[in-house]
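These notes concern the structure reproduced below.
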Amino acid sequence: MKNNKSYFKYAALTIILFMVVILPIIYFLGMLRQSDDLRFNNFTYFLGDNDSIEDTLLPDDFSSTAIGGMDLGVIDKDLFVKIDLKDFSDLKKDSVYVLEISNPSFRVVELFRFDTQGKLVSQEMAGIVEGNQTLINPNPYFNIDLGSDLSSSMVLRVESKVPLKFEAFLYPYSSFFQNYSLRLIIVSAYFGIMVALFLYNLILYFSVKDRVYLFYCFYILFIALAQLSISGHSFFLLQENVFLYEISIIGFTALSSIFVIPFIQLFLKTDVYVPKYEKYLFLIPLSYVITLVLRLMGMIEISYSMMDLNGLILSICFFTIGIIAAKRGFRSAYFFLLAWSFLLIGLVVYILHNLMIINLGSYANAPLLAGTAIEALLLSFALADKINILKKEKEVEQMDKLEAVKENERLIKEQNVYLEEMVKSRTEELELTLKNLQNTQTQLVNQEKMASLGQLTAGIAHEINNPINFVSSNISPLKRDLKDILELMDVYREKGKMEFTEETKEEIEEMEEDIEFEYVLEEVEQLLNGMEDGARRTVEIVRGLKLFSRVDEQDVKEVDLREGLDSTLILLNSTINGRIKLNKNYEEVPMVECLAGKINQVFMNIISNAIHALLDHPIEDREPELTINTFLKDGMVMIQIKDNGIGMPDHVKEKIFDPFFTTKAVGKGTGLGLSIVYTIIIENHKGTLKVDSEENVGTVFQIGLPINQKNRT
């Protein structure tokens, strides 16, 4: 029901506007279209230069004909056109007539009169360059004398820089002045309406601070100036500057398009109703600007053709947007469609006159003036109505804000209760976190103690290195000396059998039996071998401790990573030996510049984790296996440590490098080992660290270290 009322209101407004604006225009046009104005229908012409008129007429020169009016487009030469007063049979010899050319844009219009013998007797000039007219009339006009000694044929020379299109009319002198006065009244009323609307909407802009009014102000101002340029009256507003006037039609139209696009975007809310095509609307003023540039460059015909095409595209786009917005119930779209309908009606009538389908005489632009005036009025009504819409929207907005305030009060009360519960919950969580931090602190202190113990162990290894070397180096000479002594004893025993008495031999044999001489020899050999093996093992352990700790190597230096891996395996040998199958696949790799102690710490953490994964979570019918590979890839030394343990799920693998994250039982891990590994490899050495793991298959850690640390980025 509400929509029906809106339709009735718009229909009533249309009828009122039709009666107030259209009917008076029709009346004026009817008054102006009297039988006194006579239009020339037959034209003969040719194109030439300024010297083409001789003292006598040359009928053969006028070889081309036109009916009703001239329409030649843009031409480079002057037009010479002949008209004849014999086209009108009821001219009064004692009356004064006025010849008017219906195009205000011609630079020069020159009238040549001849006597009955065809000899040139008079020459008058009009136009925007050479005009000497007494009236402020845009169209060129000439007073015509019907003397008996003058030929009825007249020749017009037209010089123009715009499309050459016009009609020629003959008026009785009184009728010409009447038409001139009425046309001036229409143009003055039109311009007054447009200026009033400009000022009215400008005041609204300063009142409501809405940009749509500002854009609309300048749109109607420049569209009004464009209409005045079409009628020729802007020539006088532009201080009779020929160049400015000739480009004013395209110039004012281009300026109006620059303001009409943002006006339409705001007025019809294109960002809401046609968001996909809104950004393309700016191509329209861009095309008008290009048209103006072409006109300034002298490409007149192309510029006028583009202006007509731009007008067609603009009309189609605006009508389409208006229809879409109206279908969606947007109230202002109805005003817009109604306004543009009147504008298009005036435009259609103007085009029909240009096509010579209808004849409006020298008032061809009157429907266009009426259309633009009605459009401006309707859009002004719509903008005024928008104030009411904004007022209602503001009232609704205030009510919504009031409801929102009440809702906020209710939510604040609920939030307070919720926040109190959250504070209590967070307090409990913080207490638990504090307790965990205290436990972590204790673990870190223990870890620091273990690190200090490692330093102490490295120191002890360094201190016992010399005595162990002494023992291990003396075992071989001792064995050699004992061997020599035993060989000497064998010689004594052989000689004793020949030299000693039987009694002495028996005593010696009893003594050998008492001390179990043969067993003693075997035991001595076994003890020496055991001492040698123990010393060798002790030397390896001490060497492994020194290589692992690297206490004396805190700077970056070249290191054989395989030695670091071997020293780590020596320290872990008691855990690995006999329980885990160890595979070492060392390819030849270059020395690497690194912090040796920190890299050994990386090896220790990763290999220890692999050993724990294999031994703490054994898989039935699978032999624990640890594989270590070294190789060169893409200029980096790669170390691959692989186990065939239980592996890790994805959610665990994503967190293994986070500090304090561990999967071990409480008290068995700090969760810092792999975090330290990440820091050493990525941050300290600018290397790479990759982890691949699959449940019940195993885990692979792949470390990449650059060969030269000085070249790292």
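Values in this document were obtained by computation on a predicted structure and should not be read as measured data.
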Do [X] and [Y] come close enough that some side-chain heavy atom pair is under 4.5 Å?
{"X": "Phe282", "Y": "Gln265", "result": "yes"}
{"X": "Leu170", "Y": "Leu85", "result": "yes"}
{"X": "Val158", "Y": "Asp78", "result": "no"}
{"X": "Phe252", "Y": "Ile230", "result": "no"}
{"X": "Ile128", "Y": "Glu240", "result": "no"}
{"X": "Phe40", "Y": "Leu99", "result": "yes"}
{"X": "Phe43", "Y": "Thr65", "result": "no"}
{"X": "His233", "Y": "Gln227", "result": "no"}

At what distance, to the nearest 0.5 angstrom, does [atom1] of [X] lie from [atom2] of [Y]?
{"X": "Lys269", "Y": "Ile264", "atom1": "NZ", "atom2": "CD1", "value": "14.0 Å"}
{"X": "Tyr205", "Y": "Asn201", "atom1": "OH", "atom2": "CG", "value": "13.0 Å"}
{"X": "Tyr245", "Y": "Asn241", "atom1": "OH", "atom2": "CG", "value": "12.5 Å"}
{"X": "Met307", "Y": "Arg295", "atom1": "CE", "atom2": "CZ", "value": "10.5 Å"}
{"X": "Leu228", "Y": "Phe235", "atom1": "CG", "atom2": "CZ", "value": "14.0 Å"}
{"X": "Leu197", "Y": "Ile220", "atom1": "CG", "atom2": "CD1", "value": "5.0 Å"}

Could you report the tightest heavy-atom contact between [X] and [Y], atom names first, then the distance?
{"X": "Glu246", "Y": "Tyr304", "answer": "O-OH, 4.2 Å"}
{"X": "Ser234", "Y": "Ser229", "answer": "OG-OG, 2.7 Å"}
{"X": "Asn143", "Y": "Tyr173", "answer": "OD1-CE1, 3.8 Å"}
{"X": "Leu268", "Y": "Ala325", "answer": "O-CB, 4.5 Å"}
{"X": "Tyr190", "Y": "Ala224", "answer": "OH-CA, 3.5 Å"}
{"X": "Leu72", "Y": "Leu47", "answer": "CD1-CD2, 4.3 Å"}

Fill in the blank from the handout: With sequence neighbours left out, the residues meeting side-chain contact (heavy atoms from CB on, under 4.5 Å) with Lys86 are Asp84, Ser152
Exercise for the section: Step through it carefully: locate the ring centre of Phe263, locate the ring centre of Phe215, and say whether they are under 6.0 Å apart. Expected result: no
Problem - Ionic contact status for Glu301 with Lys161, cut-off 4.0 Å - result: no
Handout entry: Sidechain N-carboxylate O distance under 4.0 Å for Arg113, Glu124
Key = no
Exercise for the section: Please lay out, stage by stage, how Ile83 and Asn42 fare under the test side-chain contact (heavy atoms from CB on, under 4.5 Å). Expected result: CA-CA 7 Å; Ile83 54 178; Asn42 300 312; over 6 Å; no
Handout entry: Chi angles and distances behind the side-chain contact (heavy atoms from CB on, under 4.5 Å) call for Phe106, Asn103
Key = CA-CA 7 Å; Phe106 292 152; Asn103 192 320; 3.6 Å; yes
Exercise for the section: Please name the residue in the list Phe218, Tyr219, Tyr213 that meets the ring-ring contact (aromatic ring centres under 6.0 Å, His included) test with Phe259. Expected result: Phe218
Practice task
Quickly, which of Phe142, Phe169, Tyr97, Tyr141 forms a ring-ring contact (aromatic ring centres under 6.0 Å, His included) with Phe176? Name it, please.
Solution key: Tyr141
Look at the side chain of [X] and the backbone N and O of [Y], then say whether any donor-acceptor pair between them is shorter than 3.5 Å.
{"X": "Tyr288", "Y": "Leu255", "answer": "no"}
{"X": "Ser257", "Y": "Ala254", "answer": "yes"}
{"X": "Asp115", "Y": "Lys119", "answer": "yes"}
{"X": "Ser188", "Y": "Ile185", "answer": "no"}
{"X": "Ser175", "Y": "Pro172", "answer": "no"}
{"X": "Arg157", "Y": "Val109", "answer": "no"}
{"X": "Thr270", "Y": "Leu266", "answer": "no"}

Problem - Step-by-step side-chain contact (heavy atoms from CB on, under 4.5 Å) determination, Arg107 to Ser160 - result: CA-CA 5 Å; Arg107 286 195 168 193; Ser160 176; 6.0 Å; no
Handout entry: Side chains of Asn310 and Thr291, donor plus acceptor under 3.5 Å
Key = yes
Completion exercise
Residues at least two apart in sequence or cross-chain that pass salt bridge (charged side-chain N to carboxylate O under 4.0 Å, His left out) with Lys77, listed by chain then number, are none
Exercise for the section: Verify side-chain contact (heavy atoms from CB on, under 4.5 Å) between Asp145 and Val96, making sure each step is shown before the conclusion. Expected result: CA-CA 6 Å; Asp145 185 8; Val96 178; over 6 Å; no
